[in-house]
Amino acid sequence: MRTSWADLAANSAADNANNSVPPSKPAYVPPHLRNRPPLSAESHAPPPPAYSGPSSASASVAGAVSGRWSSPRNEYRTQPVSSGHTSGWGNNSGGWDRGRDREVNPFAEQDDSEPTFTEQENTGINFDAYEDIPVETTGENVPSPVNTFAEIDLGEALNENIRRCKYVRPTPVQRNAIPISLAGRDLMACAQTGSGKTAAFCFPIISGIMRGQPVQRQPRGVRTVFPLALVLSPTRELSMQIHEEARKFSYQTGVRVVVAYGGAPINQQLRDLERGVDILVATPGRLVDLLERARVSLQMIRYLALDEADRMLDMGFEPQIRKIVQQMDMPPPGVRQTMLFSATFPREIQRLASDFLSNYIFLAVGRVGSSTDLIDQRVEYVQESDKRSHLMDLLHAQRANGVQGKQALTLVFVETKKGADALEHWLCLNGFPATTIHGDRTQQEREFALKSFKSGNTPILVATDVAARGLDIPHVAHVVNFDLPNDIDDYVHRIGRTGRAGKKGLATAFFNDNNVNLARALADLMQEANQEVPAWILGYAARSSFCGGRNRRSGGGSRFGSRDFRREGSFSRGGSSDYHNAGNNGGGYGSCGGYAGGYGSSGVTSAWD
DNA sequence: AAAAAAG
């Protein structure tokens, strides 16, 4: 085997101690030797001045801030102004003392959280499955990818946590995204969830905060808190998950991570915030609430990360996101650093998203080939009335094969909340322990259901799209699309709950006449993923006029390694050679491409209406 | 038309 990361890290540390680091690599400076944040041009520090905050909020806020720092907006200055900044940053006596004294070891839970699984899983990612994945980066002066964590100067404490997480080498998205964000660049990244996306945006944020953070002490009596980083996600459970991961990454770094989401008592969240917050992970609704109560100010935000960014910017969420990002007191693009992540990035959404970004780099880590092969996709024609008995057949077969129980979870997606309850009830009646998660359940019920599923207590989970995105549930062996979604991107996210971290998975879809609109996109998708496409579905595909679902918005059918919309004439008509030349990187999703070049032509535009 | 997200 190759040299482990730990060895490399140890060597690297020794090199640093001997002062023999090659000049090309910035030397790691231990905390006690640092005396000021590296605010030089190429540093990780936020870009310089230009921004004077919104006048309305800044008066009161500046007053509050000046209690903590001698000058409220020094953070955006090129030169450190106050000597107050030089004392104690990175110093263990600074920062959130009160909180850190009681910092719970997030790695302690690891071992008892899933005691039923004997298999080692947290080392998780099967890297061989990620070799030779096509990667596309576009934008100006793209920083080079790295091959090891040791090549990146993330700092001792963070490196130690990486080791604790048993991460040996960076995943493809991490290899590319981390250098980009360490260079201070904005980023739009398409990468499969479960391929290490969370770490890809957390590491640079934590590292940047450790470097740049002056002593922050919440003055007594001031209730407004000023996080330095904001991570938004579309569901509460995903926010919880990101929070848990981020806590591991930031353990003993002095960087505090707090989560805030709806459905849970706000008081505990307020107390957590008051103890200090550097990174705030939140769902949009609760955050707006906190902003309106003036318990949180975004004025000091240096890093903004949107997970499942395409969902965050779709019709349901966009107004809230715009409010948070553009209409409160958050620094504008170019002042803050913005990172958008998702497995899918429809071009319409890319266009919207570009409002939030400044001179960004587009990164696509293709899922074509090896890693998509990990999910065995099947489509079966099942009439609406036959779905239950068909599901029953599948479950019986699984049970017979021993493919059921604690190590082989089954996730069943349905279209509606009522349908979820009904199916859960019916499964339980028929001797299959099931639970359900959807938006009509209380947050307690949702969390309990997820926990019960994860533990294998209830090895079947019936879910609406609330569980479609981002959730990392080990041991999901089978995803059943009991009801297919209308949008091919949702399908991609749903089946992505299995075959995670380089493991194999199975996805079965029940298709009938109600899903004709999805036929084309589904057939194309399966074909590109080297799946066997049933002949009958091609017949449906021929009958459906367009690419199906929202696929027409996906930029020429590049679902996975989506393409940078800036490279496609936004309103190009007719044949787009640009599109066809792109096959070398994202992986040539071309079978629906006849419509891609003609995007904006009358035929496709009318499909919008 | 449905789902999610504030209470």
Side-chain angles (χ1 to χ4, degrees), chain A residues 193 230-243 259-270 273 280-296 306-325 327-328 342-344 346 349 384 411-424 436-447 449-450 461-471 481-494 497 512-518 548-550 607-609:
Chain A
T193 39
L230 176 63
V231 179
L232 292 173
S233 97
T235 66
R236 298 163 181 174
E237 286 76 14
L238 185 52
S239 281
M240 296 171 62
Q241 177 182 302
I242 294 167
H243 173 243
V259 68
Y261 53 83
I266 202 169
N267 284 332
Q268 181 59 46
Q269 294 173 5
L270 288 172
L273 287 168
L280 177 58
V281 182
T283 49
R286 177 55 59 92
L287 177 60
V288 168
D289 191 3
L290 292 167
L291 292 168
E292 285 173 350
R293 295 176 189 223
R295 298 299 293 261
V296 171
L306 301 193
D307 202 3
E308 308 298 340
D310 59 332
R311 167 62 85 231
M312 303 302 282
L313 294 171
D314 81 5
M315 287 199 316
F317 272 119
E318 197 211 350
Q320 265 180 316
I321 301 301
R322 279 199 190 278
K323 173 164 188 175
I324 292 165
V325 177
Q327 291 157 28
M328 304 302 288
S342 182
T344 53
I349 304 286
E384 213 58 44
L411 180 52
V412 182
F413 281 105
V414 296
E415 195 60 23
T416 66
K417 295 178 278 199
K418 277 178 70 175
D421 280 334
L423 185 58
E424 177 220 16
T436 182
I437 185 167
H438 59 69
D440 273 355
R441 305 201 80 193
T442 67
Q443 191 55 28
Q444 236 181 356
E445 289 171 325
R446 285 166 58 159
E447 286 170 27
L450 195 55
L461 179 66
V462 183
T464 59
D465 269 331
V466 70
R469 285 170 172 261
L471 294 187
N481 273 292
F482 189 88
D483 301 318
L484 272 164
N486 297 314
D487 184 329
I488 192 65
D489 286 345
D490 289 335
Y491 174 85
V492 169
H493 286 274
R494 286 178 177 189
R497 295 319 96 209
N512 61 37
D513 289 12
N514 296 330
N515 311 115
V516 175
N517 288 335
L518 198 68
R550 206 206 255 151
W608 272 89
D609 307 329

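Just so you know, these numbers use all the heavy atoms, side chains as well, and skip hydrogens, waters and symmetry mates. Each chain gets a letter, A, B and so on, in the order its sequence line appears, and its residues count up from 1.
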Can you measure Ile437(A) atom CD1 to dA4(B) atom C1' for me and round it to whole angstrom units? 12 Å
Between P of dA1(B) and CG of Asp487(A), the distance in whole Å: 17 Å
Would you indicate which nucleotide in dA3(B), dA6(B), dA4(B) comes nearest to any side-chain atom of Thr416(A)? dA3(B)
If you compare every side-chain N and O of Lys417(A) against the phosphate oxygens of dA4(B) (OP1, OP2), does one of them come in below 4.0 Å? yes
Of the candidate nucleotides dA3(B), dA1(B), dA6(B), which contains the atom at the shortest distance from the side chain of Asn486(A)? dA1(B)
Do any side-chain nitrogens or oxygens of Thr283(A) fall under 4.0 Å of OP1 or OP2 in dA4(B)? no
What I want to find out is whether Arg494(A) reaches Asp487(A) closely enough, with some N-O distance under 4.0 Å, to be called a salt bridge. no
Determine the contact category for Gly316(A): base if any of its heavy atoms lies under 4.0 Å from a base atom, sugar-phosphate if only primed atoms, P, OP1 or OP2 are that close, otherwise nothing. base
For dA3(B) and Arg441(A) - does any side-chain N or O of the residue sit under 4.0 Å from the phosphate oxygens OP1/OP2? no
Let me know the distance between CD1 of Ile266(A) and P of dA6(B), rounded to the nearest Å. 10 Å
May I ask you to evaluate whether Arg236(A) reaches the phosphate of dA5(B), defined as a side-chain N or O under 4.0 Å from OP1 or OP2? yes
Without decimals, in angstroms, what is the distance between Glu292(A) CD and dA5(B) C1'? 13 Å
Thr436(A) side chain to Val462(A) main-chain N or O, any donor-acceptor pair under 3.5 Å? yes
Measure CZ/Arg494(A) against P/dA3(B) and give the value in whole Å, please. 11 Å
Hey, can you pull the donor-acceptor pairs under 3.5 Å for the side chains in residues 411-418 of chain A, sequence neighbours left out?
unit_1	atom_1	unit_2	atom_2	d
Thr416(A)	OG1	Gly419(A)	N	2.9
Lys417(A)	NZ	Asp440(A)	OD1	3.3

Please state how far atom CD in Gln320(A) lies from atom P in dA4(B), giving the value in whole angstrom units. 14 Å
How would you list, by chain and number, every residue that makes a side chain to side chain contact (heavy atoms under 4.5 Å, CB included) with Gln268(A), sequence neighbours excluded? Arg271(A), Asp272(A)
Separation of atom CG in Leu313(A) from atom C1' in dA3(B), rounded to whole Å: 17 Å
Take the protein atom CG of Asp440(A) and the nucleotide atom P of dA4(B), then report the distance between them rounded to whole Å. 7 Å
Need one value for Arg446(A): base, sugar-phosphate or nothing, where a base atom within 4.0 Å counts as base even if backbone is also close, heavy atoms only. sugar-phosphate
Nearest 0.5 Å please: distance from the CE atom of Met240(A) over to the CD atom of Glu447(A). 3.5 Å
